[in-house]
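Data first, discussion second: the structure below is written as structure tokens.
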Amino acid sequence: ETGRPFFPIEERAVPRSSVPGEEASPTQPFPTGIDAIVPMHSLTADSAWGVTEADRGACRDRARGYRNEGIYTPPSVDGTIVFPGNVGGSNWSGGAVDPTRGLLIANTNRFAALIRLIPRDSAQAVVGQRLQREYGAQRGTPYVIERDYWWTAQRVPCTRPPWGALTALDLSTGRVRWEVPLGVHPALAGRPEARQYGMLNLGGAIVTAGGVVFIGATMDAMFRAFDVETGRLLWETPVPYSATATPMTYRAANGKQYVVVSAGGYGRVGMPTGDHVVAFALP
């Protein structure tokens with residue numbers, strides 16, 4: 001009704017820009033008294049994580065010379081590790097609220113991006129050498145921006161897992177009630193610990209009055225149900241393609257309740273795509 005924050009906001013100093021002629025804001029607003037649903041910490045090349053020592057070494061080499069002094073570290077000519085990255089945090093998936101229990105349920109990604117500003121007069125030669133990366137023209141500025149993700153050749157992230165998670169935040173206390181890894185990386189599916197890693201997820205969750213959280217979203221093409229009180233996995237089933245969408249639920253004329261989700265995949269990250277809509281009947 002008023003727009004007043006329930007949790008106090010304070011201005012804190014943040015990293016300054018190192019780009020000649022650019023002045024970034026010296027402070028940014030931070031909420032206090034409420035848990036972050038994605039960890040906020042600085043990263044360096046030496047903090048690289050890997051399933052094997054060879055992976056860790058490759059990750060370390062990829063980010064050598066890149067800077068990161070925590071959240072709000074701006075892009076730079078030398079390169080910046082951005083965390084949780086442009087695909088990170090809650091992204092466009094949004095969150096679900098259980099008003100009875102006072103819980104916010106949100107799925108998040110923890111992916112670091114490698115960002116570099118390239119002077120426009122030398123950009124064309126550089127872009128031609130790095131075809132696998134993304135580029136933004138940034139017309140009207142002196143720089144083209146280069147973006148890649150801090151992961152291995154198998155697209156395994158170089159940051160410590162979980163890389164995807166489902167989190168319940170208590171809205172009355174500001175504390176995380178529970179958190180569970182979400183999804184399984186296809187390249188690591190054969191490893192016994194793969195469920196603890198989580199994976200990239202795009203698409204939101206819903207909560208039913210019966211206390212069940214339904215979510216697809218993950219790149220492993222699974223649809224899952226969790227207990228809203230504890231985060232315990234109740235049920236999971238494969239769907240034809242990854243369900244990168246928010247489910248919906250409705251009650252039919254016969255009194256039976258259904259949960260429906262669009263399972264069409266997401267081609268930009270190399271996933272197969274289709275045009276399936278899948279419905280499940282609740283018991």
Side-chain angles (χ1 to χ4, degrees), residues 5-9 29-43 49 70-72 82-113 157 159-185 188 193-220 222-236 242-249 259 261 266 269:
F6 283 107
F7 297 93
I9 306 293
F30 287 78
T32 63
I34 184 171
D35 292 338
I37 58 173
V38 173
M40 293 189 295
H41 50 75
S42 59
L43 293 169
W49 184 92
I71 193 169
Y72 295 115
V82 179
F83 183 82
N86 57 290
V87 76
S90 196
N91 210 273
W92 50 261
S93 304
V97 173
D98 185 325
T100 303
R101 298 172 178 83
L103 294 176
L104 169 71
I105 312 297
N107 52 306
T108 58
N109 293 308
R110 291 94 186 269
F111 270 54
T159 51
R160 189 170 298 279
W163 306 309
L166 186 66
T167 304
L169 183 73
D170 189 317
L171 295 174
S172 62
T173 65
R175 303 278 80 90
V176 168
R177 177 82 63 86
W178 52 260
E179 180 178 284
V180 294
L182 182 62
V184 176
H185 195 301
L188 305 176
E193 73 277 19
R195 280 184 175 269
Q196 300 305 310
Y197 294 157
M199 186 44 186
L200 179 69
N201 55 89
L202 296 167
I206 60 170
V207 185
T208 68
V212 180
V213 179
F214 288 99
I215 186 167
T218 55
M219 302 296 103
D220 56 8
M222 298 292 288
F223 192 65
R224 296 178 169 93
F226 296 86
D227 185 313
V228 73
E229 296 277 8
T230 64
R232 180 173 64 90
L233 179 66
L234 301 174
W235 169 79
E236 64 180 358
S242 291
T244 53
T246 299
M248 65 171 289
T249 185
V259 174
V261 68
Y266 188 62
V269 292

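When reading the values below, keep in mind they use all heavy atoms of this one structure, side chains included, and skip hydrogens, waters and symmetry mates.
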Looking only at heavy atoms, what is the nearest atom pair of [X] and [Y], with distance?
X: Ala225; Y: Val212; answer: CB-CG1, 3.8 Å
X: Thr246; Y: Ala205; answer: CG2-O, 4.1 Å
X: Ala96; Y: Ile206; answer: CB-CA, 4.1 Å
X: Phe83; Y: Pro39; answer: CE2-O, 3.3 Å
X: Ser90; Y: Ala106; answer: OG-CB, 4.3 Å
X: Val259; Y: Pro247; answer: CG1-CB, 4.1 Å

Donor-acceptor pair, distance only, cut-off 3.5 Å: does the side chain of [X] make one with the backbone of [Y]?
X: Asn107; Y: Gly203; answer: yes
X: Asp170; Y: Leu103; answer: no
X: Trp235; Y: Phe223; answer: no
X: Asn201; Y: Thr108; answer: yes
X: Asn109; Y: Phe111; answer: no
X: Thr230; Y: Arg232; answer: yes

Would you say the side chain of [Y] lies within less than 4.5 Å of the side chain of [X], judging by non-hydrogen atoms?
X: Pro162; Y: Arg110; result: yes
X: Val213; Y: Leu166; result: yes
X: Ile9; Y: Phe30; result: no
X: Val180; Y: Leu233; result: no
X: Trp49; Y: Thr159; result: no
X: Glu229; Y: Arg177; result: yes

Decide whether Ser93 and Asn91 meet the rule of one side-chain donor and one side-chain acceptor closer than 3.5 Å.
no
Looking only at side-chain N and O atoms, does Arg224 offer a donor or acceptor that is under 3.5 Å from a partner on Thr218?
yes
Take a 6.0 Å sphere around CZ of Arg101 and say whether it holds more than 12 heavy atoms from other residues, nucleotides or ligands.
yes
Within the supplied structure, the quantity of interest is the number of heavy atoms (other residues, nucleotides, ligands) at a distance under 6.0 Å from Phe7 CZ; does it exceed 12?
yes
Under the side chain to side chain contact (heavy atoms under 4.5 Å, CB included) rule, what do Thr208 and Phe214 come out as? Steps first, then yes or no, please.
CA-CA 8 Å; Thr208 68; Phe214 288 99; 3.7 Å; yes
Walk me through it: do Ile34 and Phe6 pass the test side chain to side chain contact (heavy atoms under 4.5 Å, CB included)?
CA-CA 10 Å; Ile34 184 171; Phe6 283 107; over 6 Å; no
Are Phe226 and Trp178, when compared by the centres of their aromatic rings, separated by less than 6.0 Å?
no
For the pair His41 and Ile71, evaluate side chain to side chain contact (heavy atoms under 4.5 Å, CB included) and give the outcome as yes or no after the intermediate values.
CA-CA 7 Å; His41 50 75; Ile71 193 169; over 6 Å; no
Evaluate Ile105 against Val97 for side chain to side chain contact (heavy atoms under 4.5 Å, CB included), listing each step before the verdict.
CA-CA 6 Å; Ile105 312 297; Val97 173; over 6 Å; no
When Val184 is tested against each of Arg195, Met199, Gln196 for side chain to side chain contact (heavy atoms under 4.5 Å, CB included), which residue passes?
Arg195
From Leu188 CG over to Glu193 CD, what is the distance, rounded to the nearest 0.5 angstrom?
7.5 Å
